[in-house]
Asks: 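Got a structure here, written out as structure tokens. Questions coming.
Below, chain A is the first sequence line, B the second, and so on; all start at residue 1. Below, each value reflects all heavy atoms present in this structure, side chains not excepted, and no hydrogens, waters or symmetry copies.
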Amino acid sequence: MGRLRETHGPNAGAIYELKDVCVLGRALDCQVHIRDLTVSRRHARICQRDKRFVIEDLGSGNGTFVNSKPVTRCELCDGDTIRVASAIFAFEEIVGNSSSVTMVGPLKSEPQIVKVVDASQSILTDTQALTGSSGAKAHQILASRLRMVYAVSAAISNILDLDELLDKVLEHLFETFPRAERGFIMLLDDETKELIPKAVKRRNEGDIADLEVSRTILQEVIDKRHSVLSHNAMEDKRFRSGSSVANFGIRAMMCAPLVWRGQPLGIAYLDTAGIAAFSQDDLELLTGIAGQSAAALGNARLHEELMKRQRLEQDLRLAEKIQQSFLPRRIPQIDGFTFCARYDPAYQVGGDFYDFINLPEGRIGVVVADVSGKGVAAALYMARLTRDLRYLALAEEDPARVLQWMNRAVLENNQDDLFVTLLYLVLDTQQRRITYANAGHMPLMVRRHSEQDVVQLDGAAGLPLGIVTESDYTTEVFELVPGDSVLLYTDGLVEAMSPTRVMFGMNRLHQALAYGASHAHDILSRLVRACQEHVLDAPQFDDTTLVCFGLDHPDTDAISPVSTQRTRTRRVRILWKDEDEP
Amino acid sequence: MLEINRADEDSITILTLRGHLDALNAPTLKREMEELVSQKRTQVVFDMSLLELIDSSGVGAIVSLFKQVRTSHGDVKIASLHGQPREIFKLLRLDRAFDLSDNVRVAVSRFHS
């Protein structure tokens with residue numbers, strides 16, 4: 001939540017609660033209406049996005065200023081000053097559910113701590129802790145405490161929603177301590193280790209003043225894990241400004257750490273007017289309730305983490321299904337050609353993809369790509385790209401032009417950190433040639449029929465998709481002769497790490513290509529084996545995709561005589577074979 | 001581990017990266033870059049002399065800043081790229097999109113030319 005406080009201007013003193021969108025201007029229907037002719041009708045706008053507030057100038061005549069600097073768009077922080085012509089506003093961010101709790105200090109005169117209870121000592125069993133009481137009296141106090149702590153514990157232990165739990169704890173604290181006027185719970189942020197107010201409660205609903213509390217005291221409660229009872233710990237802006245002289249005076253406060261499994265999770269805080277409002281007994285009781293609350297809080301957190309993990313796993317399973325529905329289930333079967341592919345995601349879902357696209361006149365589009373990033377988002381985006389590419393490949397013959405279209409499609413996605421490396425080629429089975437274009441992807445490799453004859457096709461190389469609008473791509477042609485096999489792959493292969501952190505590298509790739517039979521199936525299985533032997537049991541970091549196809553050679557492959565094959569290729573019939581068929 | 005050091009020289013911001021820029025550390029850099037964008041600092045030099053390793057998430061973070069500052073006529077220039085990060089930039093042909101310089105001084109001066 002956030003609000004604007006008009007400090008100077010026609011409505012000085014006014015407070016505006018900020019909703020999702022709030023317009024400042026001279027027009028009457030503006031949420032923040034400013035009666036000033038130098039203000040534009042719709043002058044500026046404040047929008048809330050992900051709990052953050054952003055102010056935008058709506059093309060005003062006289063500009064919008066944040067902390068005296070002109071802005072067109074600017075994220076607001078608590079305490080920022082916004083000026084629109086003669087009106088000046090203070091932006092206040094409200095954390096928690098009713099009003100803000102601000103930590104102040106160190107103060108000139110730090111509040112005096114009058115009593116301390118060690119939170120690691122159980123006040124429920126340790127009668128020693130019952131100072132000043134003995135015998136039957138002590139047992140009576142103990143029993144009554146036990147009852148109260150048990151009542152709170154029973155009421156909250158099954159609440160798994162964090163917000164609900166914190167509200168409930170405060171509610172019970174107010175019941176247990178009828179004199180408490182205000183209370184809040186702050187939790188330590190996992191990352192920053194700062195105390196963040198999570199729930200605030202006031203007995204009197206008209207009490208809307210900001211709460212200020214000594215940072216020193218809270219830090220002491222967290223660091224030493226003990227509860228403190230103090231006087232005048234809180235300063236109230238209202239009292240300083242003297243608007244409520246009646247309440248001016250000393251306040252009493254109690255603060256207890258929320259300790260779970262020896263770790264502080266946060267603090268619970270209560271305060272009220274008057275110097276002797278809370279007793280040592282109260283402090284011990286608060287410590288006990290805080291301990292029970294911390295246990296419930298710990299459970300709720302565990303539950304939340306578990307739910308998050310389950311949701312994530314569900315997401316993953318869904319993304320995996322979506323992705324697999326887009327990967328080609330069948331690989332082409334064409335007389336005289338051999339196709340094979342292997343896809344090996346590092347995680348359940350990956351950012352690699354490959355596809356075979358059936359084009360008119362005996363042509364086949366072949367694509368291998370790698371979307372930046374890993375996991376669900378990359379996989380979902382990959383699924384979309386596959387669809388775009390299938391469409392574009394049919395509409396546009398020239399691979400370079402297909403990449404130009406794809407580049408625009410990726411840029412339109414507006415995901416700034418997204419880019420895609422992609423190699424697209426069209427195999428013309430009649431002309432026996434490939435035309436290809438490369439957007440920042442690993443170069444095509446061709447293994448000729450004879451051993452050690454490997455060609456790396458470095459041409460037609462351009463920028464990855466999704467970086468700049470003006471990317472240029474070129475198309476190159478490579479004529480195939482019988483025995484040629486073409487390999488497409490992703491960097492997951494080249495960068496596969498051995499247990500001693502050595503990359504597979506281009507040299508090993510060349511070696512695996514150069515030696516052994518030139519048939520596509522042989523090449524693919526040699527590469528997979530070489531990579532497995534290199535990686536051994538080291539974890540796989542990146543997706544690996546291999547696509548290999550070749551023009552069969554009459555010497556090594558049992559294919560039909562050349563004459564029959566010619567007649568066939570004139571009217572090419574493309575059959576598709578299921579990948580899992582033998 | 002990734003260490004980011006920021007230095008502002010007039011309108012130019014120099015970000016020195018030290019260590020590894022990968023999927024784990026990219027969010028740290030992205031937070032730093034969000035701040036740059038919100039402060040409208042659109043002339044950025046990355047000093048890569050101490051960067052040992054980069055992966056696609058890291059490249060993605062730099063590409064993201066590049067795309068954002070270009071919309072407001074800024075630029076991202078890269079200085080002292082070497083070792084594995086240099087190979088990655090070449091492999092991705094990013095040497096064509098980014099202005100690469102041998103050192104920070106040269107990169108900074110190219111904003112003035």
Asks: Does atom CZ of B/Arg96 have more than 12 heavy-atom neighbours from other groups under 6.0 Å away?
Replies: yes
Asks: For B/Asn5, does the CG atom sit with more than 12 other heavy atoms under 6.0 Å from it, leaving out its own atoms?
Replies: yes
Asks: Between A/Ile467 and B/Ala97, which heavy-atom pair has the shortest distance, and what is it?
Replies: CG2-CB, 4.1 Å
Asks: Around atom CG of A/Asp458, are there more than 12 heavy atoms from other residues, nucleotides or ligands closer than 6.0 Å?
Replies: yes
Asks: Please check if the side chain of B/Lys40 supplies one atom and the backbone of A/Val71 the other of a donor-acceptor pair under 3.5 Å.
Replies: no
Asks: Ignoring hydrogens, what is the shortest heavy-atom contact between A/Leu463 and B/Leu94? Give both atom names and the distance.
Replies: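 Smallest heavy-atom distance, with atoms named: CD2-CA, 4.0 Å.
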Asks: For the CD atom of B/Glu87 and the CE atom of A/Met503, what is their distance to the nearest 0.5 Å?
Replies: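 Answer rounded to 0.5 Å: 8.5 Å.
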Asks: Is there side-chain contact between A/Val468 and B/Arg70, with heavy atoms separated by less than 4.5 Å?
Replies: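 Yes, close enough: below the 4.5 Å cut-off.
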Asks: Any side-chain heavy-atom pair from B/Leu91 and A/Glu495 closer than 4.5 angstrom?
Replies: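 The answer is yes; the side chains approach within 4.5 Å.
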Asks: Any donor-acceptor pair under 3.5 Å linking the side chain of B/Lys67 with the backbone of A/Leu418?
Replies: yes
Asks: Are any of the side-chain nitrogens in B/Glu34 or A/Arg52 under 4.0 Å away from the carboxylate oxygens of its partner?
Replies: no
Asks: For B/His112, does the NE2 atom have more than 12 heavy-atom neighbours from other residues, nucleotides or ligands under 6.0 Å away?
Replies: yes
Asks: Got more than 12 heavy atoms from elsewhere within 6.0 Å of CZ, B/Arg18?
Replies: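 Check fails, neighbour count at 12 or below.
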Asks: What distance separates A/Asp491 CG from B/Leu92 CG, expressed to the nearest 0.5 Å?
Replies: 7.5 Å
